[in-house]
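Only one structure is covered here, and it is reproduced in the block below.
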Amino acid sequence: MNLPTAPVPSLEVSGLAYAYPDGHQALFGVDLTVARGERVALLGPNGAGKTTLVLHLNGILDAGAGSVRVAGLPVEKRNLAEIRRRVGIVFQDPDDQLFMPTVREDVAFGPATAGLRGPELEERVVTALRRVGMEEYAARPPHHLSFGQRRRVAVATVLAMEPEILVLDEPSSNLDPASRRELADILRSLDVTVLMVTHDLPYALELCPRAVILSDGVIAADDRTQDLLCDDELMRGHRLELPFGFDPRSVSVPRP
Amino acid sequence: MGAGHAHKLYRHGHSPVHDLPPHCKLAAVLGFVVVVVSTPREAVWAFALYGVLLAGVAAVARIPAGFLLKRLVIEVPFVAFALLMPFVVPGEQTELLGVSVSVPGLWGAWNVLAKGTLGVAASVLLASTTELRSLLLGLQRLRLPPLLVQIASFMIRYGDVITDELRRMSVARRSRGFEAGGVRHWGVLAKTAGALFIRSYERGERVHLAMVSRGYTGTMPVIDEVTASRTQWAHAAALPVLALAVCLLGWTV
Ligand SMILES: Nc1ncnc2c1ncn2[C@@H]1O[C@H](COP(=O)(O)OP(=O)(O)OP(=O)(O)O)[C@@H](O)[C@H]1O
Ligand SMILES: [Mg+2]
């Protein structure tokens, strides 16, 4: 993998451990490297520590031990502004993510905080909204949109910051099948590194060539998504279950 | 500003008044109210002229009189208060329709009614020609403390979300056979209020997390810089300047 000319990985997590202030330890030494442009699924049962890991990626939580680097830049207090520009997190509930009175202002929030103004800012907003097919909704208040539309706008708010890596927490939850597919199309069309937390295993298989399983605060497996899903013993061992009637062996996944 | 937030006072339309930048309109209304309040109450004709000025603005803004009058009902509490004054204020008495009332009370009532009505009418005009969102931008432009503007923006954004939450909780209650009726059920309602508070609080924390993730450090970036040209300021100034002329006349005559 490590060719001499290989660019710096988008994400390097090494030996990351974390205990919540109440003493509950959620991560026990996580190692994960994601190369630039890769799409990786982060799988794992409830309570495995996935969200905890995500909150470390942009310095919301402070590593107890170990380190996180985004495109070579360590996640530390003095780099936080730059780190938050590079890591775009799409949270599970779009109502938490969309807090401005109109879609346009919400998408503009990130770049404007980073100092962009005027036509340059407008350009960013329009581009981001166009990429998720929501440019006609710019003037609407977010809470008058459907759930799927809000999820798409949430993705746009993050795209507008032109992040190095896009992190999505449960992107397909609560979407109807058509919206789910549309979101997949959008994600596939993007030219960014993606880390996708999901319980939707077929979705992971469809979108991410590689997957890692986080279980009890450690990375328990890291392989091609299809190989992981076909390993019945591994899957059962980490409380991962495929939906009824779904056979990952029968699917031919597009090679990246 | 496109079809942003429409509130009940706002009347959609395109007129010279609608198109003025929000901070000009805010400043104009503020100036007008200050002038009205500082007019001597004895200059009855001056108040009539102020009324004519406002009617002129309403005409330019194409706000029908009925719409305006209906929204003036916010004023009712003032009216009730004003009507009491002639009877309770001590002082020289006079006969009005066979009832003995106090003269200073009558003047006081007139003062409250005239100035109150004009102030409310000017504000209603402002609200019916300016979207809530632009009002906030105007306030921001007029250097209102940013924190206040932020709080107001969040109230607009999450007002509906929270009412929706309340509605869902009420549906959940009623689906389980609960009908609020009488003091016996106040306990349940109080618990609902508590749960709503906790839900809102937790949402606040999650929203804050999302804001911080996009680089928020305590100040809201200025996204829409509202600007006004010299002519726009001049147009907006017409109302308070004319009112000031009337007021000065009122003091000298
Ligand atoms: N604020 C907190 N304080 C203490 N413990 C917490 C806190 N948040 C999470 N935990 C604990 O940390 C562990 C990991 O939680 P986390 O939210 O990261 O799981 P997850 O993998 O995202 O699960 P899910 O799939 O349900 O979203 C859990 O055991 C959880 O109970
Ligand atoms: Mg989670």
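Just so we're on the same page: letters track the sequence lines, and every chain starts at 1. The basis for the numbers below is simple: all heavy atoms, side chains too, and nothing from hydrogens, waters or symmetry mates.
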Cut-off 4.5 Å, heavy atoms of chain A, and the answer for B:Leu209 is both
Decide yes or no for A:Met161 and B:Arg214: does some side-chain heavy atom of the first lie under 4.5 Å from some side-chain heavy atom of the second?
yes
From the list A:Met100, A:Arg84, A:Gln97, A:Glu82, the residue making the most non-hydrogen contacts under 4.5 Å with chain B is A:Arg84
- request: Look at A:Asp95 together with B:Arg206 and state whether they make a salt bridge at an N to O cut-off of under 4.0 Å.
  value: no
Any B:Ser213 side-chain heavy atom under 4.5 Å of A:Phe91 side chain
yes
Contacts of A:Tyr18 meeting ring-ring contact (aromatic ring centres under 6.0 Å, His included) (sequence neighbours excluded), chain-then-number -> A:Tyr20, A:His56
Answer whether the closest heavy-atom distance between the side chains of A:Phe99 and B:Met211 falls below 4.5 Å. yes
Which donor-acceptor pairs under 3.5 Å do the side chains of residues 7-16 of chain A make with protein atoms, sequence neighbours left out?
unit_1  : atom_1 : unit_2   : atom_2 : d
A:Ser10 : OG     : A:Glu164 : OE2    : 2.7
A:Ser10 : OG     : A:Thr193 : OG1    : 2.7
A:Ser14 : OG     : A:Ser67  : OG     : 3.2

Over 12 foreign heavy atoms within 6.0 Å of CG, A:Asp191: no
When rounded to the nearest 0.5 Å, the distance separating CG of A:Asp96 from CD of B:Glu205 is 11.0 Å
Within residues 110-128 of chain A, the residues sitting under 4.5 Å from chain B by heavy atom, in sequence order, are A:Gly110, A:Ala112, A:Thr113, A:Arg117, A:Leu121
Give every donor-acceptor pair under 3.5 Å between a side-chain atom in residues 166-173 of chain A and any protein atom, sequence neighbours left out.
unit_1   : atom_1 : unit_2   : atom_2 : d
A:Asp169 : OD2    : A:Thr51  : OG1    : 3.2
A:Glu170 : OE2    : A:His199 : N      : 3.3
A:Glu170 : OE2    : A:His199 : NE2    : 3.2
A:Ser172 : OG     : A:Asp200 : OD2    : 3.0
A:Ser173 : OG     : A:Glu170 : O      : 3.0

dist A:His143:NE2 -> B:Ile162:CD1 (nearest 0.5 Å) comes out at 11.5 Å
